[in-house]
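Everything on this sheet refers to the single structure shown next.
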Amino acid sequence: MSTRSASKATAKVTPISGFPEYLPSERIVEQRFLDVIRETFELHGFSSIETRSIEPIDRLSSQGEDTDKEIYAVSRLGGGGEDDARWGLHFDMTVPFARYVLENAGKLAFPFRRYQIQKAWRGERPQEGRYREFTQADIDVVDVGELSSHFEAEMPLVIADVFSRFPVGEFVIQVNNRKIPNGFYQGIGLTDVIGTLRIVDKLDKIGPEKVKALLLEAGATDDQADQCLALAAIRSTDLGFVEQVRALGVEHPLLDEGLESLAHVIRTGMAHAPGKLVADLRIARGLDYYTGTVYETQFVGHESWGSFCSGGRYDALASDGKTTYPGVGISIGVTRILGLLVGRGLVTASRSTPAAVLVALKDDESREGAVGIATALRRRGIACEVAPSAARFGKQIRYAERRGIPYVWFPGAGESGDEVKDIRSGEQLPASADTWMPPSEDLTPLVTRVDG
């Protein structure tokens with residue numbers, strides 16, 4: 001054996017941090033979650049699109065603070081030249097979607113409702129809940145020139161439907177409107193509105209004392225910093241937030257617009273998703289393109305894990321200089337959610353295979369007949385597989401147990417024909433591949449929350 005061949009044979013295979021890969025049972029959880037997301041999005045009338053993986057780096061890097069540090073540049077291996085490092089992998093779906101709208105505006109019907117479920121890439125330090133490669137599921141509505149505010153109230157209702165259908169446990173959708181802090185900051189005399197927003201957006205990470213210190217360092221007075229923190233402390237599950245803001249004694253037309261818009265969102269949530277929406281005036285979102293309602297979503301009891309579903313309204317992200325396409329959208333961090341639920345064992349699948357039936361083999365010569373039985377079952381929507389070998393029946397049953405397959409089919413085992421055994425209870429009954437059907441809960445793997 002050559003030295004080169006030997007080194008290849010002994011090379012150690014190691015995972016790359018930040019690029020998660022799932023075991024089969026974990027993948028089933030992910031696929032069921034994606035099914036629920038897709039089905040719910042379509043129930044709300046959203047159409048599916050898929051955009052390319054790369055965008056021009058200059059467009060990606062113009063969308064918020066430090067985003068250029070998150071971009072994976074793409075260049076041809078061993079290449080160089082004018083194409084080198086011009087492109088980058090997208091780190092969210094909103095920027096490529098805005099470009100897609102501009103390129104296809106003449107072919108789309110507005111208001112345009114779309115969803116995307118795709119991979120994204122972000123160059124940050126991997127840790128729990130943060131990955132270099134991850135799946136996002138987004139919905140957006142865009143229109144031409146103007147976008148009705150009722151779409152801002154619709155977004156959280158879709159998300160509430162998704163999480164009510166999947167066993168994520170209790171959750172809360174936190175809502176704010178960027179016009180509220182924007183108008184409030186201007187009303188108290190602060191001129192660097194975006195800078196102030198970015199500082200206040202750090203509240204959950206560094207706490208109010210450090211946020212106040214940063215505000216003072218940025219030029220705010222002690223009273224202005226206290227006012228910013230007082231606004232951010234307001235949180236209400238009903239319309240009470242309006243009077244709480246008014247009590248701070250600040251006036252500005254933009255503040256009035258924001259309060260009216262947020263009140264509409266919360267009022268809609270109270271009517272159609274009671275207990276799921278809360279007005280939380282510390283929510284800011286760091287990306288510069290948000291102009292109206294903004295959203296963040298947290299698991300109750302796991303607030304320290306941060307938001308796993310967020311978004312907001314944007315008015316100028318998609319524009320060709322003549323026409324502007326304002327929109328509102330929200331994104332589900334699928335990989336982020338599964339990192340918590342699967343990683344901590346909070347959600348599990350009942351088996352590691354979609355197969356509900358294992359067709360047993362009496363001997364090698366019986367395989368063709370077993371394949372016929374499996375074919376008949378599959379035609380009626382029953383997932384199954386044929387035993388890998390004609391081992392003793394006890395060994396074939398143990399194989400099914402290891403895979404989590406609940407039923408074993410025994411061709412010709414009974415006086416009148418085939419029999420099927422529920423290996424969990426031990427019950428074995430006569431069955432025909434043309435008529436037998438397992439209970440609905442056994443037809444596909446169940447995904448359940450372990451702690452209820």
Please report the interatomic distance [atom1]([X]) to [atom2]([Y]), rounded to the nearest 0.5 Å.
X    : Y    : atom1 : atom2 : value
F163 : C309 : CZ    : SG    : 4.5 Å
I188 : T221 : CD1   : OG1   : 7.5 Å
Q174 : I283 : CD    : CD1   : 4.5 Å
R235 : R282 : CZ    : CZ    : 6.0 Å
D143 : F151 : CG    : CZ    : 6.5 Å
I382 : R378 : CD1   : CZ    : 11.0 Å

Checklist entry - Taking only residues two or more places apart in sequence, or in another chain, which ones meet R132 in a salt bridge (charged side-chain N to carboxylate O under 4.0 Å, His left out)? => result none
Checklist entry - Residues two or more places apart in sequence or in another chain: which of them pass salt bridge (charged side-chain N to carboxylate O under 4.0 Å, His left out) with R246? => result D256
Next on the checklist: side chain to side chain contact (heavy atoms under 4.5 Å, CB included) for I234 and L248? Distances and angles first, verdict last.
Outcome noted: CA-CA 11 Å; I234 294 174; L248 297 177; 4.1 Å; yes
Checklist entry - Would you say the ring centroid of Y325 lies under 6.0 angstrom from that of F110? => result yes
Close side-chain approach of [X] and [Y], heavy atoms under 4.5 Å:
X    : Y    : result
V158 : L43  : no
L190 : C228 : yes
S352 : L23  : no
V447 : P167 : yes
F241 : L259 : yes
W87  : L60  : no
P354 : T444 : no
V162 : F171 : no

Item to check | Side-chain donor-acceptor contact under 3.5 Å, N176 with Y290 | outcome: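 The criterion, which ignores hydrogens and geometry beyond distance, is not satisfied for Y290 and N176.
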Checklist entry - If you measure only the distance, is there a donor-acceptor pair under 3.5 Å linking the side chains of E42 and Y115? => result yes
Which atom names give the shortest non-hydrogen contact between [X] and [Y], and what distance separates them?
X    : Y    : answer
G381 : L443 : O-CD1, 4.0 Å
Q298 : D204 : NE2-OD2, 4.4 Å
L262 : V175 : CD1-CG1, 3.5 Å
V265 : L277 : O-CD2, 3.8 Å
E70  : F91  : OE1-CD1, 4.1 Å
P20  : G18  : CD-O, 3.4 Å

Item to check | Worked check of side chain to side chain contact (heavy atoms under 4.5 Å, CB included) between F308 and L338 | outcome: CA-CA 10 Å; F308 56 83; L338 295 178; over 6 Å; no
Heavy-atom donor-acceptor pair, [X] side chain to [Y] backbone, under 3.5 Å:
X    : Y    : answer
S164 : A160 : yes
H90  : K119 : yes
T335 : F134 : no
E401 : I423 : no
E257 : L255 : no
Q118 : T51  : yes

Checklist entry - Salt-bridged, R178 to D315, with N to O below 4.0 Å? => result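 No, this pair does not count.
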Checklist entry - Charged N to carboxylate O below 4.0 Å: is that the case for K212 and D222? => result yes
So does [X] have more than 12 non-hydrogen atoms from other groups sitting under 6.0 Å from [atom1]?
X    : atom1 : answer
E303 : CD    : yes
R125 : CZ    : no
E21  : CD    : no

Next on the checklist: Over 60° means perpendicular and under 30° means parallel, so tell me whether Y72 and F19 are parallel, tilted or perpendicular.
Outcome noted: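 Judged by the thresholds at 30° and 60°, the geometry between Y72 and F19 is tilted.
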Once salt bridge (charged side-chain N to carboxylate O under 4.0 Å, His left out) is applied, what residue pairs with a partner in [range] remain, sequence neighbours excluded?
range            : value
residues 327-354 : E128-R344
residues 144-156 : R113-E154, E152-R313
residues 156-174 : E39-R165, E170-K276

Just distance, no hydrogens or angles: give the donor-acceptor pairs under 3.5 Å from side chains in residues 27-36, sequence neighbours left out.
unit_1 : atom_1 : unit_2 : atom_2 : d
R27    : NH1    : E30    : OE1    : 2.4

Next on the checklist: Quick one, T293 with S261, criterion side chain to side chain contact (heavy atoms under 4.5 Å, CB included). Give me CA distance, side-chain angles, the key distance, then yes/no.
Outcome noted: CA-CA 8 Å; T293 305; S261 179; 3.9 Å; yes
Residues that [X] engages under side-chain contact (heavy atoms from CB on, under 4.5 Å), provided they are two or more places apart:
X    : value
R267 : L239, A263, H264
S319 : T324
S310 : R285, E296, S307
E385 : T353, A355, L358, Y399, R403, I405

Next on the checklist: Please enumerate all residues that pass ring-ring contact (aromatic ring centres under 6.0 Å, His included) together with Y407, with sequence neighbours excluded.
Outcome noted: W436
Check: residues 95-108 side-chain donor-acceptor pairs under 3.5 Å, at least two apart:
unit_1 : atom_1 : unit_2 : atom_2 : d
R99    : NE     : E55    : OE1    : 3.2
R99    : NE     : E55    : OE2    : 3.3
R99    : NH1    : E103   : OE1    : 3.3
R99    : NH2    : E55    : OE2    : 2.7
N104   : ND2    : Y100   : O      : 2.9

Next on the checklist: Run the side chain to side chain contact (heavy atoms under 4.5 Å, CB included) test on Q396 and V408 for me, step by step, so that the C-alpha distance in whole Å, both residues' side-chain angles and the decisive distance to 0.1 Å come before the verdict.
Outcome noted: CA-CA 8 Å; Q396 294 184 58; V408 176; 5.7 Å; no
